[in-house]
Amino acid sequence: MGKIKVKQVRSSIKRPQNQKRTLEALGLRKIGQVVEHDTTPNILGMINKVKHLVSTEEA
């Protein structure tokens, strides 16, 4: 399993509740915050749901 860095680049204001909860579940609370996760199917699916709000990078 590799690692992936996820950075929030857009706001969650005026987004559906499920997208806000997905960002929170990823550990993202504000723009510019970076978190690191293992590349599991669960995490990749969550990132795919909010791909328009985050940027990713292999760690």
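Contact record, L23 with S12: CD1-CB, 3.7 Å, taken as the closest heavy-atom pair.
A search for side-chain contact (heavy atoms from CB on, under 4.5 Å) contacts involving P41 returns nothing, not counting sequence neighbours. With sequence neighbours excluded, the residues forming a side-chain contact (heavy atoms from CB on, under 4.5 Å) with R29 are E24, Q33, listed by chain and number. Taking the salt bridge (Lys or Arg N to Asp or Glu O under 4.0 Å) definition, one finds that K3 meets it with D38, sequence neighbours left out. Among residues two or more places apart in sequence or in another chain, the side-chain contact (heavy atoms from CB on, under 4.5 Å) test is passed with N18 by P16, K49.
V50 and L44 fall within a single hydrophobic cluster, where Ile, Leu, Val, Met, Phe, Trp and Tyr side chains are chained together by heavy-atom contacts under 4.5 Å.
Here the side chain of T39 pairs no donor or acceptor atom with the backbone of M1 at under 3.5 angstrom.
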Test side-chain contact (heavy atoms from CB on, under 4.5 Å) applied to I47 and V6, step by step: CA-CA 8 Å; I47 291 170; V6 185; 3.5 Å; yes

Verdict with reasoning, L28 to V35, per side-chain contact (heavy atoms from CB on, under 4.5 Å): CA-CA 7 Å; L28 297 168; V35 292; 3.8 Å; yes

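Within the structure, no pair that satisfies the salt bridge (Lys or Arg N to Asp or Glu O under 4.0 Å) test touches residues 6-23, not counting sequence neighbours.
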Let me check something: any side-chain donor-acceptor pairs from residues 51-59 under 3.5 Å, sequence neighbours excluded? List them with distances.
residue	atom	partner	partner atom	Å
K51	NZ	N48	OD1	3.3
H52	NE2	Q19	OE1	3.3

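Side chains of I4 and E36 form no contact here, defined as non-hydrogen atoms less than 4.5 Å apart.
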